[in-house]
2 protein chains.
Amino acid sequence: MLSQKCKYAIRTILYLASKNEEGEKKDLKKISEALKIPTPYLGKILQELVPKKIISSIKGPNGGFFLTEQNLQLPVIKIIEAIDGLTLFEACGLGLHVCSDKHPCPIHNDFKVARDHLKNMFANKSIEELAKEINSKHFMLI
Amino acid sequence: MLSQKCKYAIRTILYLASKNEEGEKKDLKKISEALKIPTPYLGKILQELVPKKIISSIKGPNGGFFLTEQNLQLPVIKIIEAIDGLTLFEACGLGLHVCSDKHPCPIHNDFKVARDHLKNMFANKSIEELAKEINSKHFMLI
DNA sequence: AGAATTAAAGACCTTTTTATCTTTTATTTA
DNA sequence: TAAATAAAAGATAAAAAGGTCTTTAATTCT
Ligand code: FES
Ligand code: FES
């Protein structure tokens, strides 16, 4: 479904968002230990997200990764788009070269319903909204 | 979503099923050319499905791959189970070690709806039913 | 200024997935 | 029975995903 890379990214960002009281920064090691994600690999992933403006970072002592107000307003699908791209939400479930109503594979109609449901859920929820739900309800990140 | 291997397998089986007039056999090369799937790789995949009783085969001249009545009655999910396993329909969308209502990740509730929708569609439709729809409506396999 | 801290960058390694090629075995038909 | 056909089996290869390690650059604090 989502790649491992993408799932790590989402969990990290939701972790940062749900702890975002007072613009709190977290360094790589703290995040990777908290979420049980391999440290060097997570480093690679987060490095990729900074220039894409999905997350923010500051080097040096007391530096780390954090989310700005702008970062928090992004819908979750932007994380997926940055890492895996949007083909999951566009591609044919049986691997045909194109997916369209004019050229439907045998599972097209049902598949599209499930695929669109997934897409809408990721597109309609901002990182901040989801983080608030994590704090008010009892959702797990690990 | 589904692996390439699994998508190739499903398309091949639906192809065999939709041509299953008079227990027609198709040899590997014919299938791979009709569906534009790499021949040797498809051979490997079909080899795997024969002992698992998902498809049937006969060697020698006029041999090939085909579906018995029993094969045709299988739900499509059995193909997926044989190739990819069922983790797609059971695993957490964010990669948590377990997915359960007692230990939900932030997307659990919505994700489960989409995942179950997919699962039900594959579980509730037999290969034969789907093949009939291919023939009566105008669904594509390529 | 110098030491400490932390992200960035880049080279490397491992495993899994996808795909190819060659040889063997079973079956048919002439 | 011999030749032809087609799947089975197995060894190999290429590409992608997942993961590690080392060095460099930026920042802070003393
Ligand atoms: S054509 Fe296959 S899902 Fe749309
Ligand atoms: S716990 Fe994540 S989808 Fe169920």
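Keep in mind the model is a prediction, meaning the values are calculated, not measured.
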L42(B) CG to dC21(C) P, in whole Å, measures 15 Å
If you measure only the distance, is there a donor-acceptor pair under 3.5 Å linking the side chains of T87(A) and E90(A)? no
Minimum heavy-atom separation for H117(A) and D110(B), please, with both atom names. CE1-O, 3.3 Å
On the nucleotide dA8(D), are OP1 or OP2 found under 4.0 Å from the side-chain N or O atoms that S57(B) carries? yes
Distance check needed: dG19(D) P versus E48(A) CD, whole Å only. 14 Å
Which nucleotide in the set dT20(D), dA7(D), dA19(C) lies at the smallest distance from any side-chain heavy atom of Y41(B)? dA19(C)
When the distance from NZ of K26(A) to C1' of dA7(C) is rounded to whole Å, what number comes out? 17 Å
Just how far, in rounded Å, is P of dT20(C) from NZ of K29(B)? 14 Å
Nucleotide by nucleotide, nucleotides 21-30 of chain D touches protein heavy atoms under 4.0 Å in the pattern (B base, S sugar-phosphate only, - none) B---BBBBS-
How long is the line joining CD of Q4(A) and P of dT17(C), in whole Å? 13 Å
Could you tell me whether L46(A) contacts a base, only the sugar-phosphate backbone, or nothing, with contacts defined as non-hydrogen atoms closer than 4.0 Å? nothing
Which heavy atom in D101(A) sits nearest to a heavy atom in K112(A), and how many Å separate them? OD1-NZ, 3.0 Å
Which of these nucleotides, dA19(C), dA7(C), dA9(C), is closest to any side-chain atom of Q47(A)? dA9(C)
Please name the pair of heavy atoms, one in K19(B) and one in E24(B), separated by the smallest distance, quoted to 0.1 Å. O-OE1, 2.8 Å
Within this structure, what is the CG-to-P distance between L35(B) and dA19(C), rounded to whole angstrom? 14 Å
Euclidean distance, atom CE of residue M1(B) to atom C1' of dT17(C) [Å, nearest integer]: 18 Å
Would you indicate which nucleotide in dA8(D), dA19(C), dA8(C) comes nearest to any side-chain atom of P38(B)? dA19(C)
Given side chains that start at C-beta, do those of F66(B) and I55(B) come closer than 4.5 Å, heavy atoms only? no
So does Y8(A) get a side-chain nitrogen or oxygen closer than 4.0 Å to the phosphate oxygens (OP1/OP2) of dG19(D)? yes
What distance do D27(A) atom CG and S57(A) atom OG have between them, rounded to the nearest 0.5 Å? 12.0 Å
Using a 4.0 Å heavy-atom cut-off across all strands, classify S3(A) as base, sugar-phosphate, or nothing. sugar-phosphate
Can you measure F65(B) atom CZ to dA26(C) atom P for me and round it to whole angstrom units? 16 Å
Reckon G43(A) touches a base, only the sugar-phosphate, or nothing at all at heavy-atom distances under 4.0 Å? nothing
Are any non-hydrogen side-chain atoms of K132(B) and E129(B) less than 4.5 angstrom apart? no
